[in-house]
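These notes concern the structure reproduced below.
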Amino acid sequence: MDPEFQREQKRVDRVMKEIAVQMERLENDTSRQRDEVVRIRRHFWDENKVSIDSFDDFLETIIGLRQEAQALSATESIHKQSAKKLTELRGLQKTPYFGRIDFIEEGQPAKEAVYIGISTLTDASGDEFLVYDWRAPVSSVYYDYQPGPAEYATPGGTVKGRLEKKWQYLIRGGVLQSMFDTSLTIGDEILQQVLGKSADKQMRSIVATIQQEQNRIIRHDRTRLLIVHGAAGSGKTSAALQRIAYLLYKYRDRLNADQIILFSPNAMFSHYVSNVLPELGEENMQQVTFQDYLHHRLSGQFEIENPYGQLEYALTATDEPAYKARMAGIRFKASVHFFEAIKFYRKALEKSGMRFKGMSFRGEPIVSAKQVEERFYTSDTSLRFYSRLEKLRDWLLHLLNEAEQLEWKEPWVEEAIELLSNDDYSKAQAYLAKKSGLKRKATADYEMDPKDLARLVVHQKLKPLRKKIRAFGFVDIKGIYRQLFEGSLETSERLPLEWADICRSTLDRLDEKKLFYEDATPFLLMKELILGFQTNSSIKHIVVDEAQDYSPFQFEFLKRLFPAAKMTVLGDFNQAIFAHTDGMGDFGVLTSLYGPEETEVIDLVRSYRATKPIIEFTRMLIPGGERIIPFERDGERPVLNQVADHAELHRQIADKVADLRSKSYGSIAIICKSAAESARAYGALSGIEGIKQLKSGSAEYQQGVVVLPSYLAKGIEFDAVILYDASAQVYGEENLRRIFYTACTRAMHELQIYCVGEPTPFLLEASRNKLVQT
């Protein structure tokens, strides 16, 4: 055995032993700390007797409670830190380190060997670093430089020196399996091994294979907005998640996982990426979809179409008479122009146009909508808009109080008192007794004044109305939004030619208490501009994945919603499949969010997901695809299978699934254009053992054989992909090119394309260049 290999194995042995020793100590510590936390919680009130007999007793009680609470908090914090370190050590036990650099710092006589892994490890004394965290400043040299002059940034300034050698290791179970001195792009050989395996049920943390351009994303810290535009399979999402891990490490004294939000395309994707941060020893950040947020804010008022419902309409309703107008409406309502038009409209409401709801109680009016409007436009007009609404709210509450003072004498009140249950009567008695100053023991003997009881009954009956007023429920937001489509925008420039039809369909939807997806964000913006923005300043960073699916309007809204947050935006306009993206070619429009000085764009053009033949094929499907650089991994060319009818299609797909299973592929996707086609395919292929259908509501990414629409496959990779029907009849329109490209780029190892009859014209160039087998 090579002497150097032997020396390195001995070092692995030493590190593994140190890990084992530290794990044993920490397991004992965490067990003891957990028992202490349980003990304190169990006996908290035993050791703190509450006494309020005198001020001194009360003060002593408060001090005792505070001391015990502080002791509990400190013990819980120590336990949490110990548990986190134990998790890190378990990760190191699997793979103690994966790289090494030999670095000579300027002015130093000797080189230092820096070993790099997923977290830091020191010896028992704490003086010697056995492993450096991949996020440490010095570790950036491993990702960014080849042997020669190198430098890295630290809080104290830039450290310059020379990188002598760079090594990669593959260690499993404490055994050094391979090591090599590399001047290649970092990670290539390990990446070959990783990509040669089957797709996982969950995305993995593969920090050993971070490329130089991905490292720029991970460690970027200069601007407020980072836009990552990357080809399919270029590692955008992986780099973004490792970027979050890096930020949590670098700013661990002032940033935690609760202050970061990832906007995912769907719940299935959220599950797919949920394991990356825990593998890196960090807590998971919050993960939501934009639809979740809209549903949270508006579901009580409207039935909201989801984005996939909108997309399904765009894919399947092309023959409907209203289709052209709906598509024009989607594009217009997604635009910055519509965003600005709503802001202008809200400004105009300061002088006229506000709509309100009147108030009545038991069928009798308290105030009419007209009276509320007159009050708004004649009183306190010098105040700011929101302050005027607050004054209006206070006036309405005053009117309600006046009505309450008169209402208790009405005949219905006596009837309501007679119908009180024993329980409600006792509660009323206890409340009035307490209000009169009696102690609890005397409550049962308290005799209620009938007038007080009557007033209490009226007060309780008016509670919902009072709550509605305090929540500005007297403002008719729906009516105000309606006015946009009843003539308020007629003078606006750049309205679509189909504006009259757009208005008609929008108003019909509102009458049904429903919202098109393209109306949900504008409606919410209108509500926020009138009633005050519900901003979230506690969030410090947001990550938007599949950003090409978001409209400029939605990005403007996110900026306002999270005013203190930095933003990382990831996307690929070649996969921009939603209707609002027609005519949008890049993320240039986003530079206006924070300005060019606060925006940086990083392009990723190297694709790692698929084999070289698949990437060479898929890049022929899109304009500018020649910029995409394939990773050097051999495989078979995609295959085009032309069949005569659907019966033959289903027979051949069933046979192909059996063939792919025989190759030990763990994930096989049968990708259809739409959910409607997916449902038909699933029904016809249900004889395939273990086949599953994935729908927009699916919460978990499934292994095995799955049938799903193209848009749900975004961001996820499969060992083998079967494109269900790539015929000219299904993929004949140019606006479907991106959907077709997205579906094809999901394949890692094998791509089988089927078509009933003539194939889509998207395949012509690839066929001409012999990049697809027939």
Side-chain angles (χ1 to χ4, degrees), residues 296-302 342-343 345-417 428 431-432 435 451-484 486 488 510-511 513 515 522-535:
H296 168 68
R297 293 295 308 278
L298 296 173
S299 60
Q301 304 166 58
F302 297 99
I342 288 179
K343 284 174 28 182
Y345 175 50
R346 156 46 198 94
K347 189 71 177 172
L349 292 175
E350 294 181 11
K351 295 183 178 179
S352 65
M354 281 290 285
R355 293 178 64 168
F356 299 97
K357 300 173 185 177
M359 285 192 312
S360 60
F361 180 64
R362 294 182 57 80
E364 294 296 321
I366 297 174
V367 63
S368 69
K370 185 68 176 173
Q371 288 173 308
V372 179
E373 182 182 352
E374 287 175 355
R375 176 81 180 191
F376 181 75
Y377 285 115
T378 57
S379 300
D380 306 307
T381 54
S382 62
L383 297 175
R384 294 174 60 196
F385 187 79
Y386 184 70
S387 299
R388 288 164 66 184
L389 285 176
E390 288 182 315
K391 284 279 189 179
L392 191 62
R393 178 194 61 191
D394 294 343
W395 175 69
L396 290 171
L397 289 171
H398 176 72
L399 291 182
L400 194 64
N401 289 336
E402 287 184 342
E404 183 178 331
Q405 294 303 316
L406 300 173
E407 195 69 25
W408 69 271
K409 299 176 182 177
E410 295 297 316
W412 71 267
V413 180
E414 187 175 340
E415 183 180 340
I417 291 172
Y431 173 80
L432 292 172
K435 192 176 178 183
K451 293 179 182 179
D452 291 340
L453 182 57
R455 288 190 177 97
L456 180 60
V457 167
V458 173
H459 186 80
Q460 290 297 109
K461 291 289 185 183
L462 285 170
K463 223 174 185 179
L465 191 52
R466 187 175 287 105
K467 183 179 179 182
K468 183 178 179 181
I469 293 170
R470 285 176 176 150
F472 297 98
F474 55 89
V475 181
D476 186 4
I477 301 293
K478 178 180 171 183
I480 296 168
Y481 191 70
R482 281 184 63 92
Q483 288 179 159
L484 282 169
E486 292 175 332
S488 293
L510 287 169
D511 288 341
K513 292 189 175 180
L515 276 182
F523 183 91
L524 191 53
L525 174 71
M526 171 76 73
K527 183 176 180 179
E528 303 282 75
L529 289 174
I530 292 171
L531 300 183
F533 243 87
Q534 293 190 22
T535 58

Thr381 side chain to Tyr377 backbone, donor-acceptor under 3.5 Å: no

Backbone N/O of Gly479 and side chain of Asp476: donor-acceptor pair under 3.5 Å: yes

Under the ring-ring contact (aromatic ring centres under 6.0 Å, His included) test, which residues partner [X], sequence neighbours left out?
X	value
Phe533	Phe557
Tyr345	none
Phe302	Phe523

Side-chain heavy atoms of [X] within contact of [Y], under 4.5 Å:
X	Y	result
Ile530	Leu389	yes
Lys527	Gln301	yes
Leu349	Leu529	no
Lys461	Val458	no
Pro522	Ile342	yes

Salt bridge (charged side-chain N to carboxylate O under 4.0 Å, His left out) partners of residues 404-414, not counting sequence neighbours, each pair once: Glu404-Arg466

Which residues pass the salt bridge (charged side-chain N to carboxylate O under 4.0 Å, His left out) test with [X], sequence neighbours left out?
X	value
Lys343	Glu340
Arg346	Glu350
Glu390	none

Which donor-acceptor pairs under 3.5 Å do side chains of residues 357-373 form with protein atoms, sequence neighbours excluded?
from	atom 1	to	atom 2	distance (Å)
Ser368	OG	Gln371	N	3.1
Ser368	OG	Gln371	OE1	3.3
Gln371	OE1	Ser368	N	2.8

Set of side-chain hydrogen bond (donor to acceptor under 3.5 Å, both in side chains) partners for Arg482, sequence neighbours left out: Glu486, Asp511

Nearest heavy-atom neighbours spanning [X] and [Y]:
X	Y	value
Leu383	Ser387	CB-CB, 4.0 Å
Gly353	Gln483	O-NE2, 2.9 Å
Leu510	Lys478	O-NZ, 3.0 Å

Centroid-centroid distance, Phe356 to Phe472, less than 6.0 Å: no

Residues which pass side chain to side chain contact (heavy atoms under 4.5 Å, CB included) with Ala416, listed by chain and number, not counting sequence neighbours: Trp412, Val457

Under the side chain to side chain contact (heavy atoms under 4.5 Å, CB included) test, residues paired with Lys451 that sit two or more places apart: Trp408, Asp449, Arg455

Pair up each side-chain donor or acceptor in residues 391-403 with any protein partner under 3.5 Å, not counting sequence neighbours, and list the distances.
from	atom 1	to	atom 2	distance (Å)
His398	NE2	Glu402	OE2	2.9
Asn401	ND2	Leu397	O	3.3

Criterion side chain to side chain contact (heavy atoms under 4.5 Å, CB included) on Phe474 and Lys468, from CA distance to verdict: CA-CA 7 Å; Phe474 55 89; Lys468 183 178 179 181; over 6 Å; no

